[in-house]
Amino acid sequence: MIVLLLGAPGAGKGTHAARIADHTGLPHISSGELLRGAVERKTELGLKAKEHMDAGNLVPDEFMLRWIEELLDDPAYASGIILDGFPRTIPQAEGLDKLLAEKGLSTDLVLLLDISQDAAADRLLSRVTCGKCGAIHNLAQKPMKVPGICDACGGELETRADDVRETIEKRFGEFRKQTEPMIEYYRSRGNFETINTDRPVEVVRKDVQDLLDRISAATSSGSATG
Ligand code: ATP
Ligand code: MG
């Protein structure tokens, strides 16, 4: 099963992708997280990506397309994948379609997490990530028991370098210019669903769960009748 999670910065892609991964047993790949790892390790991709990311711009398609091609060749993802943050532009979506078609695959679910810009910006400004276990927390929604320390594992909490007001504005600009047209590309095809994530995370989680249940019911009844 191939699932794409689309949505503006702060829409909750990482949070809900982790849930979908738990539910389906499929690996969750976040392009942003992999890029941040590459920046930290100073790999060739990381060195090229850093200035774009720090400025709140997208990393050029040419690098992202090379990245996804290598990723999809990895046998670890042969049974499926939850992609969070990729694709983000029409050329990326077209490139992904082509690579999948070459493998006889196509996307099974394209899920748009839809949020207002104000709500998303508030969330980004109060978001912290655990440096140890990677959990994403929102301090405005739920303060930690010990400030600065992850409730889940005791690791130290970090604020992402691009979660500052000026860079957030830039990221929204990129989303409107490059990603919204791509969303229309997917919307006009099948397997497209939207969930509004302006609501509390537990309410959204329930909707995501219901959607996955509906899809598995439809898939199993489809295969039973041939
Ligand atoms: P959130 O983590 O809240 O979903 P986001 O979508 O802005 O917010 P990431 O997905 O982590 O954050 O991406 C961080 C940065 O990494 C982006 O601003 C961009 O520079 C780069 N990036 C990630 N995915 C892509 C992509 N598919 N194409 C180009 N650049 C990307
Ligand atoms: Mg993310």
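Counting starts at 1 for both ligands and their atoms, in listed order.
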Salt bridge [X]-[Y], side-chain N to carboxylate O under 4.0 Å:
X: Glu202; Y: Arg205; result: yes
X: Asp73; Y: Lys103; result: yes
X: Glu62; Y: Arg66; result: yes

Check your understanding: What closest approach, in Å, do Leu35 and Val59 show between heavy atoms, and which atom pair accounts for it?
Key ->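 That closest heavy-atom pairing would be CD1-CG2, 3.9 Å.
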
Check your understanding: Is there side-chain contact between Ser79 and Leu26, with heavy atoms separated by less than 4.5 Å?
Key ->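 Counting from C-beta outward, Ser79 and Leu26 do come under 4.5 Å.
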
**Study point:** Linked, directly or transitively: Met182 and Val110 (ILVMFWY side chains, under 4.5 Å)
**Key:**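 Yes, same cluster.
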
**Study point:** Protein residues having a heavy atom less than 4.0 Å from any atom of ligand 1
**Key:**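 Protein residues near ligand 1 are Pro9, Gly10, Lys13, Ser31, Gly32, Leu35, Arg36, Met53, Asn57, Leu58, Val59, Met64, Gly85, Phe86, Arg88, Gln92, Leu124, Arg127, Arg160, Asp162, Arg171.
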
